[in-house]
Novice: 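Please see the structure below; I have some questions.
Naming convention: chains lettered A, B, ... in sequence-line order (proteins, then strands); numbering from 1 in each chain.
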Amino acid sequence: MYPAPFCYHRPGSLKEAVGLLSELGEAAKPLAGGQSLIPILKLRMDEPSDLVDISRLPGLHFMQNDDGNVRIGALSTHALIGRSDLVGAVPILGDCANGIADPQVRARGTIGGSVSSADPSCDWPTLLHTLDAVIVCHGKAGVRTVPIREFIRDSYTTVLDDAELVTEIRFKVPPANSGGAYIGFKKSAPAYPTAAVGIQLTLADGDVCQQVRLALGAAGPRPVTSDEAENLLRGKVLTSELLKQAAEAIVEASDPPADARGSSDFKRAVLRSLFMQAADRAIERAAGTQIMGNHEYV
Amino acid sequence: MSEQIQRIPVEITVNGTCYKREVEPRMLLVEFIREEINLTGTHIGCDTSYCGACTVILDGNAVKSCTLFAVQADGGEILTVEGLEKEGELHPLQQAFSTEHGLQCGYCTPGMLMSSLVLLAEKPEPEDKDIRKCLSGNLCRCTGYQNIINAVQTAAKDLREA
């Protein structure tokens with residue numbers, strides 16, 4: 001299958017890339033790892049006039065943890081993130097990075113591309129909600145930072161303008177006694193998740209939940225959050241009864257579309273189940289247990 | 001989009017030979033390999049980034065060549081299944097797929113071999129679960145996978161003892 005014809009550009013710097021995108025207008029698209037974009041182009045769900053290949057731009061392949069302030073360059077691949085030291089400090093990152101699709105896709109796909117595509121089935125946007133990440137964007141007018149909660153507007157829609165690129169993702173390493181888990185349920189490795197749940201929490205004295213972030217993926221046009229569900233848990237000892245109530249509250253806020261991966265009701269059932277599994281794993285990690293995590297598939 | 005079709009010069013090394021071509025930007029890497037340089041061992045299966053039949057090694061990583069434009073591989077080094085055999089001798093992985101009956105129709109096999117080769121370079125003593133994880137992006141509709149896993153284990157042993 002061939003995409004519709006397009007013109008190809010390979011700018012040598014970020015400035016040049018932004019200039020090109022600005023000049024070419026909304027019919028042009030940036031190309032990074034291409035693991036979301038190329039299948040879309042091959043199915044001709046989109047026919048951009050021009051592709052601006054940003055995959056070789058210098059200065060966007062990095063991962064840093066300076067005193068708990070994490071910065072990930074937008075062109076970091078899922079594979080590199082999944083193998084990095086960051087996973088030791090923030091295990092939920094490994095759950096996500098090492099669970100995305102398969103080794104071939106992880107070797108090419110980038111965190112910046114995943115976030116920019118705002119595909120409701122992509123894992124990074126949901127995961128980054130649990131870490132209150134900030135997205136750094138470069139455009140004609142300069143640099144701006146946008147919290148992930150404001151960055152994703154709708155399915156396949158972000159706040160980025162036509163000539164703006166994601167260059168970096170920032171978040172803080174969660175404090176001591178924190179744990180998180182991200183689990184996507186997939187029919188097979190290369191498939192997008194049917195549903196996914198991310199939970200990041202911090203426990204205080206006597207296993208009281210001090211802070212918590214909850215997010216559901218592939219469960220609506222954008223990652224699903226729920227203040228109500230988080231408020232149910234904050235300040236409480238996390239019993240399974242309470243967790244079930246929180247699961248109910250956030251699943252109530254979801255709107256999973258019926259599609260080839262399952263009916264809406266099936267997906268809600270999967271979300272409830274994943275929520276309880278992710279909560280268990282997050283609590284165990286907060287208590288200091290080292291457990292490997294990953295997506296689940298049959 | 002102008003009326004004239006854009007052609008981009010690329011230099012791609014495949015199995016040790018550098019190929020210079022001018023390609024249309026939308027040419028996929030798998031088409032470049034199969035149609036520009038006539039190496040048809042790399043297969044097109046699903047053509048939608050699921051099945052892994054088109055897997056080749058690009059700069060040390062297994063990648064799906066149906067989900068990559070040839071222009072993106074410009075300057076890169078590629079290894080395809082044709083590059084495994086040395087002086088008429090099958091690579092230990094190829095030999096093990098044969099002796100362990102790791103294939104029936106053989107359509108997925110080139111991709112299986114390329115993915116497995118990357119794994120064995122990183123993990124000379126893989127556990128079965130490492131192999132399963134490594135091959136999670138390579139689908140086989142014949143074997144039921146067990147003989148493929150046996151083949152990779154056999155190859156790993158042969159390579160360690162070589």
Side-chain angles (χ1 to χ4, degrees), chain A residues 1-10 24 27-29 31-45 47-56 77-80 82-83 98-109 113 186-192 292 294-295 297-298, chain B residues 1-10 23-31 44-76 111 114-116 118-119 122 129-139:
Chain A
M1 295 186 293
Y2 272 99
F6 56 83
C7 277
Y8 175 83
H9 310 266
R10 191 189 292 156
L24 295 165
K29 281 255 153 59
L31 168 68
Q35 300 302 289
S36 297
L37 183 61
I38 295 175
I40 286 173
L41 300 184
K42 288 172 73 180
L43 295 168
R44 301 209 178 190
M45 287 159 67
E47 299 187 8
S49 62
D50 297 79
L51 287 188
V52 176
D53 187 348
I54 58 168
S55 63
R56 302 178 192 216
T77 60
H78 314 315
L80 286 177
R83 290 172 188 198
N98 295 322
I100 294 171
D102 47 52
Q104 295 97 312
V105 170
R106 290 195 290 271
R108 295 287 306 173
K186 303 194 291 184
K187 289 190 170 177
S188 68
Y192 279 115
M292 294 293 287
N294 231 313
H295 285 39
Y297 54 90
V298 285
Chain B
M1 183 70 213
S2 60
E3 290 300 308
Q4 206 172 356
I5 293 171
Q6 192 191 17
R7 298 192 81 84
I8 308 278
V10 294
V23 300
E24 208 186 328
R26 63 176 172 162
M27 172 173 267
L28 299 163
L29 180 60
V30 69
E31 308 283 3
I44 300 171
C46 70
D47 212 355
T48 55
S49 204
Y50 275 80
C51 79
C54 66
T55 301
V56 299
I57 299 177
L58 168 62
D59 295 331
N61 291 312
V63 299
K64 291 180 175 173
S65 61
C66 82
T67 309
L68 208 68
F69 294 119
V71 286
Q72 292 176 285
D74 184 21
M114 302 325 284
S115 285
S116 304
V118 172
L119 173 75
E122 289 168 4
K129 70 173 167 56
D130 300 323
I131 301 171
R132 288 173 190 276
K133 178 118 196 180
C134 157
L135 296 177
S136 62
N138 294 80
L139 305 186

Novice: Please name all residues satisfying side-chain contact (heavy atoms from CB on, under 4.5 Å) with A/M292, sequence neighbours left out, ordered by chain then number.
Specialist: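 A/M292 satisfies side-chain contact (heavy atoms from CB on, under 4.5 Å) with no residue once adjacent residues are dropped.
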
Novice: What heavy-atom pair brings B/P9 and B/D74 nearest, and what distance separates the two atoms?
Specialist: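 Closest approach of B/P9 to B/D74, heavy atoms only: O-OD2, 4.0 Å.
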
Novice: Whether the side chain of A/Q35 engages the backbone of A/R106 through a donor-acceptor N/O pair (distance < 3.5 Å, no angle test) should be reported.
Specialist: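 No, because the side chain of A/Q35 does not come within donor-acceptor range (under 3.5 Å) of the backbone of A/R106.
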
Novice: Is it the side chain or the backbone of A/A191 that comes within 4.5 Å of chain B heavy atoms, both, or neither?
Specialist: both

Novice: To the nearest 0.5 Å, what is the distance between CG on B/L68 and OG on B/S49?
Specialist: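 Those atoms lie 10.0 Å apart.
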
Novice: Kindly say whether A/A189 contributes a backbone atom to a donor-acceptor pair with the side chain of A/D102 at under 3.5 angstrom?
Specialist: no

Novice: What part of A/L41 is in contact with chain B, defined as an atom under 4.5 angstrom from a non-hydrogen atom: side chain, backbone, both or neither?
Specialist: side chain

Novice: Using a cut-off of under 4.5 Å on heavy-atom pairs, state which of A/M1, A/R10, A/R56, A/Q104 scores highest against chain B.
Specialist: A/Q104

Novice: I want to check something: taking the side chain as every heavy atom from C-beta on, are B/Q72 and A/I38 in contact at a cut-off of under 4.5 Å?
Specialist: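 Side-chain contact under 4.5 Å: yes.
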
Novice: Is a side-chain N or O of A/R44 found less than 3.5 angstrom from the main chain of A/P3, in a donor-acceptor match?
Specialist: yes

Novice: Can you tell me which portion of B/M114 sits under 4.5 Å from chain A's heavy atoms? Options are side chain, backbone, both or neither.
Specialist: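 Nothing of B/M114, per the 4.5 Å heavy-atom cut-off to chain A.
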
Novice: Do side-chain atoms of A/R108 reach the backbone of B/T67 as a donor and acceptor pair under 3.5 angstrom?
Specialist: no

Novice: Does anything in residues 54-61 of chain B get under 4.5 Å of chain A by heavy atoms, and if so which residues?
Specialist: B/T55, B/L58, B/N61

Novice: Counting only heavy atoms closer than 4.5 Å, note whether B/L28 contacts chain A via side chain, backbone, both or neither.
Specialist: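 Both backbone and side chain of B/L28 come within 4.5 Å of chain A.
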
Novice: Considering non-hydrogen atoms only, spot the tightest contact between A/Y192 and A/S36 and give its length.
Specialist: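 Shortest heavy-atom contact: OH-OG, 3.7 Å.
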
Novice: Please identify, among B/K64, B/R26, B/E24, the residue contributing the most non-hydrogen atom pairs under 4.5 Å to chain A.
Specialist: B/R26

Novice: Give a yes or no on whether the backbone of A/L37 and the side-chain of A/K29 come within a donor-acceptor separation of less than 3.5 Å.
Specialist: no

Novice: Tell me which of these, B/T48, B/D47, B/L119, has more heavy-atom pairs under 4.5 Å with chain A than the rest.
Specialist: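 Top count of heavy-atom pairs under 4.5 Å with chain A: B/D47.
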
Novice: Measure B/C51 against the heavy atoms of chain A and call it side chain, backbone, both or neither at under 4.5 Å.
Specialist: neither

Novice: Considering only heavy atoms, which portion of A/L24 lies under 4.5 Å from any heavy atom of chain B: side chain, backbone, both, or neither?
Specialist: neither

